[in-house]
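Reading through the structure tokens given below for one structure.
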Amino acid sequence: MNANRRLDELLRPALAERRDKSLYRVRCIVEGPQGPELGVDGRRMLNFSSNDYLGLAAHPALAAAACRALEEYGTGTGAAHLVTGHTRAHHALEEELAAFTGRSRALLFSSGYLANIGVAVALVGAGDLVLEDRLNHASLLDAGLLSGARFKRYHHADPDSLSNDLSITAGTRLVMTDGVFSMDGDIAPLPRLAEVADDAQAFLMVDDAHGLGVLGARGRGSLEHHGLGMAEVPVLMGTLGKAFGTFGAFVAGSETLIETLIQLARTYIYTTAPPPAVAEAARAALKLAQQESWRREKLATLIRRFRTGAEQLFGSDLLPSETPIQPILLGESARALAASEALRAQGVLVLAIRPPTVPHRSARLRITLTAAHTEEHVERLLQALASLPKQ
Ligand SMILES: *Cc1c(COP(=O)(O)O)cnc(C)c1O
């Protein structure tokens, strides 16, 4: 048997097992721009599955900024930021992100996944301790594991559980949490987590992928929502691919933190800088996110409307979330998958989120609302949800 056939035979049983357990993942093919009405596999679908919370991913101002940058810079950066990749476009975006977050400096990364790993690897290692919320995003969990530090998970959104775990002595102790939990939509109790971390001389890092642009009157995210700054949360990570409608991520903090990341974050140093056109599009998004607060107000209205209808249908299975992430807990993966397929048959796209993305027996429909949706879109979603079989 040749090596290729041997490899396939080695891999096939795990694929079959995933299929049997309703855990098999498949992609759909999207045509045309992001938006509430999305071309999917040749059909128009009402889209409640994207993280484009402010409705900016297909905004003409972002595309125009990207086009101008393509004319000026071409496509590629040729190398990493520390070689020839760091253009004026990247640098201007960093300065604007620092101003937006009220921090001394910001540093761009190619993605949120890479930013989280970069921070953990730069700040902790053997002899240190990383503490994470159990329901943190996979990229934070992977970052903790890859750092080489001792790794512990505390109970979800539970400062007392964190406090307990902080009795473990170690060199540097880094606490990492989502600001808004990506699969549950709830807001982390950051003021208490910050206090508990500080009492133990540990450091708190917040991954605000789902808070930035969305929470706070000015869209500055979870920290604005709670009235916290660098003093309480010295490390802030944000992504540009969700509310900011583009791609990439950043870390914001003190001059010393950012210089440390430039020297030590391997996922910053050893990867090609993103295209300048992406940076220019993100600058346009950052402007709109700050100027057009109607987008956050509209989201708040749609969230209220959705919850009023969905609470009647699902009771406490509608998770208690005040953010655009509105999950409905269904339990078994097969049930979540069947519900997602039934919605799809009615032209409504809501993906089923299954283990290992969420804990065992907590498969769910993860509904996301955006400022580009209308009240009528939400009514159509509620009608489709009402037609799902009970149990
Ligand atoms: C999406 C996400 C990331 C990863 O960001 P990318 O830029 O998509 O790699 C990190 N953390 C959280 C909480 C996320 O939801």
How close do [X] and [Y] get, heavy atom to heavy atom, and via which atoms?
| X | Y | answer |
| --- | --- | --- |
| A336 | A352 | O-CB, 3.5 Å |
| F244 | A285 | O-CB, 3.1 Å |
| A120 | M176 | CB-CE, 4.0 Å |
| A243 | G213 | CB-CA, 4.2 Å |
| A249 | A115 | CB-CB, 4.3 Å |
| L93 | A282 | CD2-CB, 3.8 Å |

Kindly say whether [Y] contributes a backbone atom to a donor-acceptor pair with the side chain of [X] at under 3.5 angstrom?
| X | Y | answer |
| --- | --- | --- |
| H226 | L223 | no |
| S104 | S254 | no |
| R354 | S22 | yes |
| T77 | A273 | yes |
| E9 | R6 | no |
| T101 | L97 | yes |
| T357 | I353 | no |
| K242 | D52 | no |
| T84 | A80 | no |
| D133 | A157 | yes |

Among the clusters formed by ILVMFWY side chains lying less than 4.5 Å apart, do [X] and [Y] turn up in the same one?
| X | Y | answer |
| --- | --- | --- |
| Y53 | I187 | yes |
| I117 | F151 | no |
| L330 | F306 | yes |
| L46 | L369 | yes |
| L299 | L382 | yes |

Are [X] and [Y] linked by a side-chain donor-acceptor pair shorter than 3.5 Å?
| X | Y | result |
| --- | --- | --- |
| H91 | H86 | yes |
| S333 | R335 | no |
| Y113 | H137 | no |
| T368 | Q326 | no |
| D186 | H156 | yes |
| D207 | N136 | no |
| S222 | H225 | no |

Is the number of heavy atoms from other residues, nucleotides or ligands within 6.0 Å of [atom1] ([X]) greater than 12?
| X | atom1 | value |
| --- | --- | --- |
| R18 | CZ | yes |
| F203 | CZ | no |
| R43 | CZ | yes |
| E322 | CD | no |
| R150 | CZ | no |

Got [X] and [Y] here, is their nearest side-chain heavy-atom distance under 4.5 Å?
| X | Y | answer |
| --- | --- | --- |
| E311 | T308 | no |
| V350 | S340 | no |
| N164 | S161 | no |
| L365 | L388 | yes |
| N51 | H210 | yes |
| R192 | V196 | yes |
| L190 | T177 | yes |
| E37 | M45 | no |

Taking the basic N atoms (NZ, or NE/NH1/NH2) and the acidic carboxylate oxygens, is any pair closer than 4.0 Å for [X] and [Y]?
| X | Y | value |
| --- | --- | --- |
| R364 | D184 | yes |
| R68 | E280 | no |
| R344 | E341 | no |
| R105 | E259 | yes |

According to salt bridge (Lys or Arg N to Asp or Glu O under 4.0 Å), does anything in residues 72-101 pair up with another residue at least two apart or in another chain? List the pairs.
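Applying salt bridge (Lys or Arg N to Asp or Glu O under 4.0 Å) to every pair that reaches into residues 72-101, excluding sequence neighbours, yields E96-R283.
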Which residue, F247, F109, F250, forms the side-chain contact (heavy atoms from CB on, under 4.5 Å) with L240?
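Output: one option passes, namely F250.
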Under a single-linkage rule joining Ile, Leu, Val, Met, Phe, Trp and Tyr whose side-chain heavy atoms are separated by less than 4.5 Å, which residues share a cluster with L11?
L7, L10
Would I325 and R366 count as a side-chain contact (heavy atoms from CB on, under 4.5 Å) here? Give the steps.
CA-CA 7 Å; I325 303 167; R366 178 179 182 269; 3.7 Å; yes
Could you walk me through whether M237 and D208 pass the side-chain contact (heavy atoms from CB on, under 4.5 Å) test, one step at a time?
CA-CA 6 Å; M237 194 287 280; D208 210 19; over 6 Å; no
Cation over ring face, R19 and Y24, 6.0 Å, 45°
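Ring-cation test returns yes.
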Before giving the answer on side-chain contact (heavy atoms from CB on, under 4.5 Å), spell out for L257 and R103 the whole-Å C-alpha distance, their side-chain angles and the decisive distance to 0.1 Å.
CA-CA 11 Å; L257 172 70; R103 288 169 180 248; over 6 Å; no
Hey, would you say the F48 and H377 ring centroids sit under 6.0 Å apart?
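No; H377 has its ring centre 6.0 Å or more from that of F48.
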Sequence neighbours excluded, which residues qualify as side-chain contact (heavy atoms from CB on, under 4.5 Å) partners of D8?
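With neighbours one apart ignored, the set is N4, R12.
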